[in-house]
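What follows is a single structure, written as structure tokens, with notes after it.
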2 protein chains.
Amino acid sequence: MTATTILIVDDEAAIREMIRVGLELAGYECLEASNAQDAHGIIVDQRPDLVLLDWMMPVTSGIELLRRLRRDEVTRDLLVIMLTAKDDEDNRVQGLDVGADDYITKPFSSRELMARIKAIMRRSSNREQEESIEVGGLKLDPASHRVFVDTQPLDMGPTEFKLLKFFMTHQERAYSRGQLLDQVWGSNVYVEERTVDVHIRRLRKALQTDQRDCGLLIQTVRGTGYRFSTTGVCA
Amino acid sequence: MTATTILIVDDEAAIREMIRVGLELAGYECLEASNAQDAHGIIVDQRPDLVLLDWMMPVTSGIELLRRLRRDEVTRDLLVIMLTAKDDEDNRVQGLDVGADDYITKPFSSRELMARIKAIMRRSSNREQEESIEVGGLKLDPASHRVFVDTQPLDMGPTEFKLLKFFMTHQERAYSRGQLLDQVWGSNVYVEERTVDVHIRRLRKALQTDQRDCGLLIQTVRGTGYRFSTTGVCA
DNA sequence: ACATTTGGTGACAATTTTATGACAAAACGA
DNA sequence: TCGTTTTGTCATAAAATTGTCACCAAATGT
């Protein structure tokens, strides 16, 4: 199972449980934001694949956060599993109503948690393809599996496409070569980190057209890795 | 890749495989302890970074050892990869449940083994992320690995970035050059203290824009060192 | 005012880190 | 099976960063 996940729980134990159980977390965060707005901000920032939402968050109720997530374009499609108390039938219904993908009652076994997560992710992988992403003349359309610069189609290899897709769905953030390998190649492939450089180069090259050089959108972060950003470095 | 590893396997071949493949073993041990207690003792003794645990150990079952490892404060965080037979789904789940970080089914290729190990170690090292810090028009965002002055991105070297990050997370306090070297360079590198001065200068320079000079935030504390402060220089 | 200490700067060579072109193995398609 | 494309790695070039110095300026002390 591969998942970059953020757990929104006051319950730190649940996180350990997940890691223990072997869910591949590229990163996680135990959110303890004091209010729904902050939590939402952090989630937008981190772009997790899955959110475990404790209904009884310390300060805000989970429902407020969930509503917010579903309202926001960016987070609308997030997988959300809520954690509820044993026999809180009421909240459970309410939660599903507001848009939770599933729920788990506490206490839960790691086995059950894994099962739910797997099920959810399986379900979601069959979901409609994502919408096309567009930024500054560069458009990536997952459905047709193509990339355009100002309506002009580009040509690139599968890896470059995946790489670009990852970057475009995770803009404005620096990733190490290792992280890119995890996210784009998959965490169970062993290739040299330098290989990333080569593919970055190929991607940059592919993004060049006579009229515009979208390769500039991929910036080198010295000593760290790379970043996709629409903001120029200096001017 | 650097790893001190202990292999708990009856299968000596696996070890040779790893070495052949180039995993840097500072040391390894083919454990053939007759019981879980002994094995645990040896592991505590050796403090490896990673344990390859054969589920079907000659005498004791691996699960007992794994349980023991997870129970002990000292070994709780150890990375454990278990080796299971091809279609032993049951044990695999059980193993992950008890706390294995990952599993590999035998027979496995060295490539796969390397991949898992690398992924596991990568995962375990990236467990922290931070919020962006902002103070008086100057913003440092760890996620994108960038610094802005009034939304204008700045350019600086890795060391300057680290230095600034340290200062911004430790404001209003004077640090000696030695302390800065410890905190920013790491306590195990030997560089001249005056080197700090040079980087301070570089950082100050990098923080200058046409509109504002954020370099002024870094103040010299004569005879002592430097301080990051938003308060104007007075006393 | 003078001597001494401490910090600021520009220059520079060594080192590190990336970019790039080439190439053979592997994957893919016809 | 035979070409073509894609991939991962290297070797090498190109670029950026780093640690030190030498030298200047400012502060301190007597």
Side-chain angles (χ1 to χ4, degrees), chain A residues 145-147 154-165 174-178 180-182 184-186 188-208 213 215-228 233-234, chain B residues 1 21-22 109-112 114-115 118 145-147 154-165 174-182 184-186 188-208 213 215-228 233-235:
Chain A
H145 216 264
R146 296 216 289 180
V147 181
L154 299 181
D155 187 43
M156 65 182 74
T159 303
E160 281 67 63
F161 183 83
K162 274 185 281 185
L163 189 55
L164 179 59
K165 182 174 174 183
Y175 291 95
S176 70
R177 294 175 175 74
L180 290 173
L181 285 178
D182 274 354
V184 178
W185 275 255
N188 41 13
V189 199
Y190 177 62
V191 289
E192 292 295 318
E193 297 209 327
R194 282 295 157 207
T195 300
V196 174
D197 296 33
V198 179
H199 282 277
I200 288 282
R201 174 179 140 283
R202 287 171 180 159
L203 177 53
R204 277 173 174 160
K205 194 182 239 175
L207 293 178
Q208 289 176 335
D213 182 7
L216 298 175
L217 293 171
I218 299 170
Q219 302 165 355
T220 301
V221 183
R222 278 242 156 200
T224 301
Y226 298 94
R227 167 184 54 211
F228 185 97
V233 174
C234 261
Chain B
M1 162 138 343
V21 162
S109 71
S110 51
R111 213 179 176 68
E112 181 181 4
M114 282 297 286
K118 206 171 177 185
H145 214 270
R146 277 182 140 185
V147 180
L154 301 180
D155 189 40
M156 65 182 72
T159 302
E160 282 67 63
F161 184 85
K162 276 184 279 187
L163 190 55
L164 178 59
K165 184 173 174 184
Y175 291 94
S176 72
R177 293 174 175 74
Q179 290 175 307
L180 290 172
L181 284 177
D182 277 355
V184 178
W185 275 255
N188 41 12
V189 262
Y190 175 65
V191 288
E192 294 293 321
E193 295 211 327
R194 294 290 264 118
T195 299
V196 174
D197 295 32
V198 178
H199 281 278
I200 288 283
R201 174 181 140 281
R202 287 170 180 160
L203 178 53
R204 278 173 173 160
K205 193 183 233 175
L207 293 179
Q208 290 177 335
D213 182 6
L216 298 175
L217 293 170
I218 299 170
Q219 301 165 358
T220 302
V221 183
R222 214 181 166 74
T224 302
Y226 297 95
R227 167 184 53 207
F228 185 97
V233 191
C234 262

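Each chain gets a letter, A, B and so on, in the order its sequence line appears, and its residues count up from 1.
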C:dG8 OP1/OP2 closer than 4.0 Å to side-chain N/O of B:R204: yes
Close side-chain approach of A:L181 to A:V196, heavy-atom, < 4.5 Å: yes
For the student: nearest non-hydrogen atoms of A:A206 and A:M156, plus distance: CB-CB, 3.9 Å
Sugar-phosphate only, base, or nothing, as touched by B:Y226 at under 4.0 Å among non-hydrogen atoms: sugar-phosphate
Closest to side chain of A:V191, choosing from D:dT18, D:dG8, C:dT18: D:dG8
Spacing between A:D197 atom CG and C:dA19 atom P, to the nearest angstrom: 6 Å
A:H145 NE2 - D:dT6 P separation (whole Å): 12 Å
Euclidean distance, atom CG of residue A:L163 to atom P of D:dG8 [Å, nearest integer]: 11 Å
Distance in angstrom units between B:R194 CZ and D:dC21 C1', rounded: 10 Å
Value in whole Å for how far the P atom of C:dG8 lies from CD of B:E193: 14 Å
Whole-Å gap separating C1' (C:dT20) and CD (A:Q208): 13 Å
Shortest non-hydrogen contact from B:R177 toward B:G225: NH1-CA, 4.0 Å
Shortest non-hydrogen contact from B:I200 toward B:L163: CD1-CD2, 4.1 Å
Nearest-Å distance for atom pair CG/C1', residues A:L203 and C:dT20: 15 Å
Side-chain N,O (A:R177) to OP1/OP2 (C:dT18) below 4.0 Å: yes
D:dT9 OP1/OP2 closer than 4.0 Å to side-chain N/O of A:Y190: no
Close side-chain approach of A:L217 to A:L207, heavy-atom, < 4.5 Å: no
Sugar-phosphate, base or nothing in reach of A:T220, heavy atoms under 4.0 Å: sugar-phosphate
Under-3.5 Å donor-acceptor pair between B:R222 side chain and C:dT6 base: yes
Proximal nucleotide (of D:dT6, C:dT20, C:dG10) relative to the A:V198 side chain: C:dT20
End axis versus end axis in the helix from C:dA1-D:dT30 to C:dA30-D:dT1, the angle rounded to 10°, five pairs used at each terminus: 40°
OP1 or OP2 of D:dT18 under 4.0 Å from side-chain N/O of B:W185: no
Phosphate OP1/OP2 of C:dT18: any A:R201 side-chain N/O under 4.0 Å: no
Presence of B:T159 side-chain N/O under 4.0 Å of D:dT17 phosphate oxygens OP1/OP2: no
Worked verdict on A:R146 versus A:F161 for side chain to side chain contact (heavy atoms under 4.5 Å, CB included): CA-CA 8 Å; A:R146 296 216 289 180; A:F161 183 83; 5.8 Å; no
Under the side chain to side chain donor-acceptor pair (under 3.5 Å) test, residues paired with A:R204 that sit two or more places apart: A:T220
Under 3.5 Å donor-acceptor pair, B:R202 side-chain atoms to C:dG10 base atoms: no
Touch class at under 4.0 angstrom, heavy-atom based, for A:E160 against every strand present: sugar-phosphate
Closest listed nucleotide, where the reference is the side chain of A:P158 and the choices are D:dT6, D:dT20, D:dG8: D:dT6
Separation of atom NZ in B:K162 from atom C1' in D:dT18, rounded to whole Å: 11 Å
Residue pair A:Y175, A:V221: steps toward the side chain to side chain contact (heavy atoms under 4.5 Å, CB included) verdict: CA-CA 9 Å; A:Y175 291 95; A:V221 183; over 6 Å; no
